[in-house]
Amino acid sequence: VAGNRQQGRVSYFVIEDTGIGIRESDLPRIFERGFTGYNGRMERKSTGIGLYLCDQIMGRMSHTIRVSSVPGQGTKVILGFAQ
């Protein structure tokens, strides 16, 4: 359940890596509870709960979270904090 979006200023915090990235086909589902995606299944180190919780927390506080990724190049997570 997402919180209400606020109008006004937004500050962004970007977290970026140069890791293995996330497949484009997995990106639409990464915030689903229990979804581990291709990389999580191959590495057997994922629970599928982390990004789900991040999305839930950010939404309840009326903030946003977005992810973009290119396999083999890395992932960028953009957190938008409403002021």
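In this text the structure is predicted, and so the values were computed from the model without any measurement.
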Q. CZ of Arg29 to CZ of Arg23: how many Å apart, nearest 0.5 Å?
A.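 Going from CZ on Arg29 over to CZ on Arg23, the span is 13.5 Å.
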(Q) Using 0.5 Å steps for rounding, measure from the OG atom of Ser11 to the NE2 atom of His63. (A)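 Interatomic distance, Ser11 OG to His63 NE2, rounded to 0.5 Å: 10.0 Å.
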Q. For the residue pair Val10 and Gln83, what are the closest heavy atoms and their distance?
A.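 Here Val10 and Gln83 meet closest at N-CG, 4.2 Å.
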Q.
How close do Ile78 and Tyr12 get, counting heavy atoms only, and between which atoms?
A.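 Answer, listing the atom of Ile78 first, then Tyr12: CG2-CD2, 3.7 Å.
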Taking [Y] as the starting point, is it possible to reach [X] by hopping between hydrophobic residues whose side chains are less than 4.5 Å apart?
X: Val77; Y: Val70; answer: no
X: Leu27; Y: Leu51; answer: yes
X: Phe31; Y: Leu79; answer: yes
X: Met58; Y: Leu53; answer: no

Q) So does Glu32 have more than 12 non-hydrogen atoms from other groups sitting under 6.0 Å from CD? A)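 Above 12, so yes.
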Are [X] and [Y] packed together at the side-chain level, in the sense that at least one heavy-atom pair is separated by less than 4.5 angstrom?
X: Asp26; Y: Phe35; answer: yes
X: Lys76; Y: Val14; answer: yes
X: Ile49; Y: Arg33; answer: yes

Q: Could you walk me through whether Thr36 and Thr47 pass the side-chain contact (heavy atoms from CB on, under 4.5 Å) test, one step at a time?
A: CA-CA 6 Å; Thr36 59; Thr47 62; 5.9 Å; no
Q. Does Ser69 reach the main-chain N or O of Gly74 with its side chain, forming a donor-acceptor pair under 3.5 Å?
A.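 Between the backbone of Gly74 and the side chain of Ser69 there is a qualifying donor-acceptor contact (under 3.5 Å).
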